[in-house]
Amino acid sequence: MKGFKAFLLRGNVVELAVAVVVGAAFSKIVDAFVKGLINPVIGAIGTKNLDGYIVCIEKPCVASGGELTKGVGLLWGSVAGAALTFLITAAVVYFLLILPMNKLNERRKAGQGEEAEAGPTELELLTEIRDLLARQQGNGGGYTVPAPYDHGGGNRTRQ
């Protein structure tokens, strides 16, 4: 069960789920775009409905509403319309979701790298504090400050 949860929470699966949901919701807008803008432009050349474009293999071909009622033909207009819808949907999902998400992830990674390089490590800070304390005391009074990882009986020892 843990492996399945890790699989679901991986970044690629989440991106895929978002793309599927948004793509499904966006498909109606793309269909309206293709039928309202693309098909009329194509209709200026031929028929307004892409489903009407058929290559007849065995004559006579009779089509009604994008369906062949008589003859054998290739409905390449339906395929072209579906491919156009797919390309528009894929472009919108990529440019409005995936690309900004990838840039955001790059900025986060770059920000984490700068933060790690910006400050000294804990060990460097402790070493600096040790050295400052040793200079302040100037070894007057007989106190020495042990080196890091020196577990010789405590923080300060009297000589």
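Note that this is a predicted model, so its numbers are computed, not measured.
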Using atom types as modelled, flag every donor-acceptor pair under 3.5 Å from a side chain in residues 119-126 to any protein atom, sequence neighbours excluded.
unit_1	atom_1	unit_2	atom_2	d
Thr121	OG1	Glu124	N	3.3
Glu124	OE1	Thr121	N	2.9

field: Remaining members of hydrophobic cluster (4.5 Å side-chain criterion), Leu132
entry: none
query: Once you round to the nearest 0.5 Å, how far does CD of Glu106 lie from CE of Met101?
result: 12.5 Å
query: Please walk me through it: do Asp131 and Glu128 pass side-chain contact (heavy atoms from CB on, under 4.5 Å)?
result: CA-CA 5 Å; Asp131 294 343; Glu128 187 177 335; 5.7 Å; no
field: Qualifying residues under side-chain contact (heavy atoms from CB on, under 4.5 Å), relative to Val72, sequence neighbours excluded
entry: Ile57, Glu58
query: Val41, Leu87: one ILVMFWY side-chain cluster at the under-4.5 Å cut-off?
result: no
query: Mind checking whether Ile88 and Leu37 sit in one hydrophobic cluster, side chains of I, L, V, M, F, W, Y counted as touching below 4.5 Å?
result: yes
Pairs touching residues 70-99 that satisfy ring-ring contact (aromatic ring centres under 6.0 Å, His included), sequence neighbours left out: Tyr53-Trp76
